[in-house]
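Only one structure is covered here, and it is reproduced in the block below.
Each residue takes its place number in the sequence, starting with 1.
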Amino acid sequence: KSKYLGELNRDNTVTLRTSTVGHEYMTEYGLLEWFLAQKKSCKGYSNAFFSGLTNIEFARVVAEYVLTNNEMYGIFHVGGNVINKCDLLKIFSNVYGKNIEIIKDASFEINRSLNSDKFHKKTGYKPGSWEDMVSSMFNHKISNKFWKLKQNLFQLIDIVLSLSSIVKNLYGISCWSEGIAEIYYV
């Protein structure tokens, strides 16, 4: 009911209903960040369907198809091609170079796909492949200086932790602060 109250359907108003996947700033709640945080394996639900867009693609769609269309008003579902979460995780793994076992799980069933035909007809938008959308999102991310700095910092910490382990094994002394290690692994 609360969603309905916020969905205005009148002249000079556009309401876009969608679902996105993409990078988060400081959390790991969404599918992509959750997946990237996994270490050895994770489940991929083969009966959980989704038809949203990457956040980068959604921003592009709004900029190129909505903001430039003065004749557009109403409520629209905006989505891409239907994909199951298992296949989407495999695309994330391939594009991001994450070598992890994705265990196919058919036990959970849900269909959160949107029918975006009205939006596609009104705007002429044709969604690209998931491989292309995820690749675009990845390329945008690696061009972000903050992300590069964060990755470099984590690599440096990994090196320090490795050296600390070597020193401890060779000389029996620890040269790494527990407090810093806890901050790193939080």
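- Here the closest non-hydrogen pair linking G22 and L32 is C-CD2, 3.8 Å.
- Looking only at side-chain heavy atoms (C-beta outward), Y96 and F138 come within less than 4.5 Å of each other.
- At least one side-chain heavy atom of L89 sits under 4.5 Å from a side-chain heavy atom of L31.
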Distance-only donor-acceptor hits, side chain of residues 45-53, under 3.5 Å, sequence neighbours excluded:
from: N47; atom 1: ND2; to: A106; atom 2: O; distance (Å): 3.1
from: S51; atom 1: OG; to: L114; atom 2: N; distance (Å): 2.6

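- Under the 4.5 Å side-chain contact rule for hydrophobic residues, L88 and I110 do not share a cluster.
- With sequence neighbours left out, the side-chain contact (heavy atoms from CB on, under 4.5 Å) criterion links T68 to no other residue.
- Between T54 and T20, every side-chain heavy-atom pair lies at or beyond the 4.5 Å cut-off.
- For the pair R17/F76, no side-chain contact is recorded, criterion being any heavy-atom separation below 4.5 Å from C-beta on.
- The distance from the CH2 atom of W34 to the CG atom of L36 is 10.5 Å, given to the nearest 0.5 Å.
- At least one side-chain heavy atom of M137 sits under 4.5 Å from a side-chain heavy atom of N55.
- The minimum heavy-atom distance linking I100 with S93 is given by the pair CG2-OG, 4.4 Å.
- Side chain of T15 to main chain of I75: no donor-acceptor pair is present (N/O by atom type, distance under 3.5 Å, no hydrogens or angles).
- At least one side-chain heavy atom of L67 sits under 4.5 Å from a side-chain heavy atom of V62.
- Counting heavy atoms of neighbouring residues, nucleotides and ligands inside a 6.0 Å radius, atom NZ of K98 exceeds 12 of them.
- Residues F58 and L16 are in side-chain contact: their nearest non-hydrogen atoms beyond the backbone lie under 4.5 Å apart.
- Between P127 and G80, the shortest heavy-atom distance links the atoms CB-CA, 3.6 Å.
- Looking at H23 and E33, their side chains come closer than 4.5 Å, going by heavy atoms from C-beta outward.
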### Task
Take E131 and V95, measure what side-chain contact (heavy atoms from CB on, under 4.5 Å) needs, and give me the verdict at the end.
CA-CA 8 Å; E131 290 82 0; V95 171; 5.7 Å; no
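- In terms of modelled atom types and a separation under 3.5 Å, the side chain of W130 and the main chain of N81 share a donor-acceptor contact.
- With rounding to the nearest 0.5 angstrom, the CD1 atom of I91 is 9.5 Å from the CG atom of D132.
- Between F35 and F92, the ring planes are tilted. Angles from 30° to 60° get that label.
- No donor-acceptor pair under 3.5 Å is formed between the side chain of E101 and the backbone N or O of K40.
- Other residues, nucleotides and ligands place no more than 12 heavy atoms under 6.0 Å from the NZ atom of K43.
- Separating the OG atom in S136 from the CZ atom in R60 is a distance of 8.0 Å, to the nearest 0.5 Å.
- For the atom pair CD of Q38 and CD1 of I102, the computed distance is 10.5 Å after rounding to the nearest 0.5 Å.
- Going from atom CZ of F119 over to atom NE2 of H77 covers 12.0 Å, rounded to the nearest 0.5 Å.
- Considering only residues two or more places apart in sequence or on other chains, Y125 meets the ring-ring contact (aromatic ring centres under 6.0 Å, His included) condition with Y65, H120.
- At least one donor-acceptor pair closer than 3.5 Å links the side chain of N139 to the backbone N or O of S135.
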